[in-house]
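Both ligands and their constituent atoms are indexed starting at 1 by order of listing.
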Amino acid sequence: MALAVTHVILTIVILDIFRHYVWGRHKFPRYLLVIGGVAGLFPDIDIPLTWIYKFLTGTGISLHGTFTHSLFFPLLFLIIGAVLHYNKNIKWAGICYIIAFGWFSHLTLDCLYGGYKDFLWPLFVVNFCPQWGIGQHATSIDAIILVAWLVHEEIHNKIKDYM
Ligand SMILES: [Zn+2]
């Protein structure tokens, strides 16, 4: 699995690049970046859920990398967003799309780091992700993403957007 910071920062960076080059600041308010960043980390809610589960049951079973790491959830939010969009509820449709994207980016990143077996929950249990062993470089990857983004923001004189 990728580190928590990677999940948040990479999702925000990708969304911010689209905000900068495609959608524009006014069509893509900053709160959507925050929602995207939180959604980018949200599937790891199964870590505190594991603590609670272990506390309540006294078992050693870990829920991490199970159902919250399924493509089912980003697909669900995509469909809800499409329905809201169809009903002209553009604001909430956008929020659902961003949650779907953040969730999907989490799963993609975890997959690149080696993955889990429940991406296709509840249909199949299979890990089709590449085993490159890049997880051992996790903190370096964090640093590279953060520095590249800071340089990009500084070049475009947009650091003040975050202050
Ligand atoms: Zn994860």
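- The distance from atom CZ of Phe119 to atom CZ of Phe128, rounded to the nearest 0.5 Å, is 6.0 Å.
- For the residue pair His69 / Asp118, no side-chain donor-acceptor distance below 3.5 Å is found, with atom types taken as modelled.
- Considering every non-hydrogen atom in both Trp103 and Pro74, the closest pair reads CD1-CD, 3.6 Å.
- Here the closest heavy-atom approach between residue Thr68 and residue Leu107 is recorded as O-CD2, 4.3 Å.
- In this structure, the separation between CG on Asn89 and CD1 on Ile80 is 12.0 Å, given to the nearest 0.5 Å.
- Applying the 6.0 Å contact sphere to CH2 of Trp23 captures more than 12 heavy atoms from other residues, nucleotides or ligands.
- Protein-derived N/O/S atoms nearer than 2.8 Å to the Zn ion (ligand 1) total 4, waters excluded.
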